[in-house]
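Notes follow once the structure below has been shown.
Below, chains carry the letters A, B, ... as their sequence lines are ordered, and counting in each starts from 1. It should be emphasised that the depicted structure is a prediction, and the values quoted were computed from it without experimental measurement.
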Amino acid sequence: MIDLKLLRNDPDRVRASQVARGDDPALVDALLKADEGRRAAVTRADNLRAEQKAVSASVRSASAAERPAVLEKAKELAAEVKEAEAAQAQADEALRAAHLAIPNVVHPSTPAGGEADFVVLGQVGEVPSYDFEVRDHLDVGEVLKAIDTERGAKVSGSRFAFLTGPGALLELALVNLAMARAVDAGFVPMIAPALVRPEAMEGTGFLGAHASEVYKLESDDLYLVGTSEVPLAAYHSGEVLESLPLRYAGFSSCFRREAGSHGKDTRGIIRVHQFDKVEMFSYVDPSDAEAEHARLLEHEKAFLTDLELTFRTIDVAAGDLGSSAARKFDNEAWLPSQQRWLELTSTSNCTDFQARRLGVRVRTPGGPRVAATLNGTLCAVGRTIAVLLEVHQRADGSVHVPAALQPYLGGRTELTPA
RNA sequence: GGUGGCGUGUCCGAGCGGCCGAAGGAGCACGCCUCGAAAGCGUGUGACGGUGCAAGCCGUCCGUGGGUUCAAAUCCCACCGCCACCGCCA
């Protein structure tokens, strides 16, 4: 939710943000109107209530003769208050709806436009070349007996896979490396629930436009999270925090319905319904949000560099941001089989938008203040495995293990076909 | 899943349908005392919304949502959560 004070003081800035995202600026005026309507309703209900309280308090001290008249008046007022409160509830709801309809105000540096309008911020490493015919990650993985998508489909359906043997070990190694790096960087490691209540899902903004992406357990009224950002953001919901920053690295399975992606990345494990991920999540003072965003990006880049991958960093355009994000950087690794960049990690600065919705505040000398939240992928395991297998493959079917990962794979320097 | 109990401010904890934003502690802040500290004493110490330049004033909040009543922390209902015991189970 955006700051209503900002809206009142500088509606043009919010309108401009809407335009940058390709959203309707008229929603801003609808919100302004709803805000005014609610304030009028609140004032009216408050005044009536004050009057009613006064009359009500006089009931006891009224003499027996006066009492019937006072009671009569009190009853009238009670009815009026009831009506005014209903009107206020309606106005509250109208405001809430209009409020939720507006995504976060984009950062001034965020490129305007849609998916194709990103700006490349830089590249690490050279696009690799191979003097043999490269296999895609599934071919490499099958030779190594590391990935089994056929049986994944047999057991669970399309877009499910088994990680087997070296594939399973590779996942654990990546998770351990990521967690070790996160701990070094001061993050508190967390194993987060993958099932959450509707409030957590709603509060993080995942039940908006992308609700169809989310798995729901109807009979239990629980959702499967698509990222541990959800439980980590909801972790401190409704709290006034004593001090910031708070940094967490959450490990959890992630579930995505991939409802709108039929026919896209159907081969292998690049796009699956279930994968594991280590996610960084920071709560900071709003004035530190930008610096924290840079920090998260550096952690991500360092991790990809450790894996000896070639990648570029892009500044995602406004129209391609999630509703909570003011700015987002993606790191895209080079995928040799398709000769293209593939999003591997991503970090978003949600400023105070998400925290306002979740009621996360910090104690400051001037009173509680809404915090800022940021998230960033440290390692989305499945996709990372896919890219590793492709990039580090050799002509003989073996795969080089990056030096940073070797300690977590029992010192193995390569994976070889069984 | 069954039975019973319980959910009050940063924490503990009291609370008769009106005088309760709520006793009393603890904690914290400031002051006094002290060479300094501790102890002791004194004062202060919630959030949200509305209104106002401001001091302030008004309203809301006692797990959540409804209901009864002129009036609800207090009565009724539902839900959520916690605890104990039983059953089941990794």
Side-chain angles (χ1 to χ4, degrees), chain A residues 1-9 31-100 191-203 207 216-223 230-231 234-244 246 252-253 283 285-286 352-371:
Chain A
M1 292 173 133
I2 65 166
D3 184 359
L4 287 179
K5 286 203 186 82
L6 169 73
L7 173 84
R8 288 170 201 156
N9 296 336
L31 178 56
L32 278 167
K33 207 178 147 202
D35 180 41
E36 257 177 66
R38 188 195 76 102
R39 285 193 280 170
V42 165
T43 301
R44 178 165 168 261
D46 277 1
N47 292 340
L48 278 169
R49 220 181 280 113
E51 200 184 335
Q52 189 212 15
K53 274 177 82 166
V55 173
S56 206
S58 70
V59 167
R60 283 187 83 182
S61 54
S63 68
E66 298 168 329
R67 182 156 276 174
V70 175
L71 269 179
E72 185 56 32
K73 177 72 180 160
K75 274 186 190 179
E76 272 172 42
L77 277 169
E80 277 186 73
V81 165
K82 197 170 179 183
E83 182 273 321
E85 283 182 340
Q88 187 193 329
Q90 223 169 26
D92 280 341
E93 192 38 52
L95 174 65
R96 189 181 137 76
H99 205 173
L100 289 176
I191 309 288
L195 268 61
V196 299
R197 326 178 80 165
E199 300 91 279
M201 214 63 183
E202 238 163 48
L207 290 186
K216 183 178 185 191
L217 299 180
E218 207 59 64
S219 50
D220 296 284
D221 203 20
L222 288 171
Y223 292 88
V230 175
Y235 188 66
H236 287 300
S237 62
E239 297 182 17
V240 179
L241 303 169
E242 292 304 327
S243 72
L244 292 178
L246 291 173
S252 83
S253 291
Y283 296 82
D285 187 278
D352 59 3
F353 185 88
Q354 193 174 55
R356 181 169 293 109
R357 200 157 160 173
L358 288 165
V360 181
R361 292 171 296 166
V362 212
R363 205 173 292 292
T364 72
R369 185 176 175 195
V370 178

**Report entry** Phosphate-side-chain proximity, A:Q52 and B:C70, N/O vs OP1/OP2 below 4.0 Å
**Finding:** no
Query raised in the report: Do the non-hydrogen side-chain atoms of A:E93 and A:R96 ever get within less than 4.5 Å of each other?
Result: yes
Query raised in the report: Among the nucleotides B:C48, B:G81, B:G50, which one has an atom lying closest to any side-chain atom of A:R197?
Result: B:G81
Query - A:R363, nearest nucleotide to its side chain (from B:C70, B:U10, B:U60) - result: B:U10
Report task. Determine whether any donor atom in the side chain of A:S56 lies under 3.5 Å from an acceptor atom in the base of B:G18, or the reverse, and answer yes or no. Result -> yes
Query raised in the report: With respect to the phosphate group of B:G50, does any side-chain polar atom (N or O) of A:R38 fall under 4.0 Å of OP1 or OP2?
Result: yes
Query raised in the report: Can you check whether A:E202's main-chain N or O pairs, donor with acceptor, with A:R357's side chain at less than 3.5 Å?
Result: yes
Query - Nearest-nucleotide pick for A:A50, side chain only, options being B:G50, B:C58, B:A47 - result: B:C58
Report task. Look at A:R361 and B:A47 and indicate whether a side-chain polar atom (N or O) is within less than 4.0 Å of OP1 or OP2. Result -> no
Query raised in the report: Less than 3.5 Å between a donor and an acceptor, one on the side chain of A:D46 and one on the base of B:G49, is that the case here?
Result: yes
Query raised in the report: So, is A:K75 close to the B:U69 phosphate, meaning a side-chain N or O under 4.0 Å from OP1 or OP2?
Result: no
Query raised in the report: Where the side chain of A:A78 is defined as all heavy atoms beyond and including C-beta, which of B:U60, B:C70, B:A47 is the nearest nucleotide?
Result: B:C70
Requested in this report: Would you confirm whether A:D35, through its side chain, and A:L31, through its main-chain N or O, come within 3.5 Å as a donor-acceptor pair?
Outcome: no
Query raised in the report: Using atom P of each nucleotide, how far apart are B:U74 and B:A78 to the nearest Å?
Result: 16 Å
Query raised in the report: Counting only non-hydrogen atoms, which of residues 79-92 of chain A are less than 4.0 Å from RNA chain B?
Result: none
Report task. Provide the distance between the two P atoms, one in B:C33 and one in B:A73, to the nearest whole Å. Result -> 44 Å
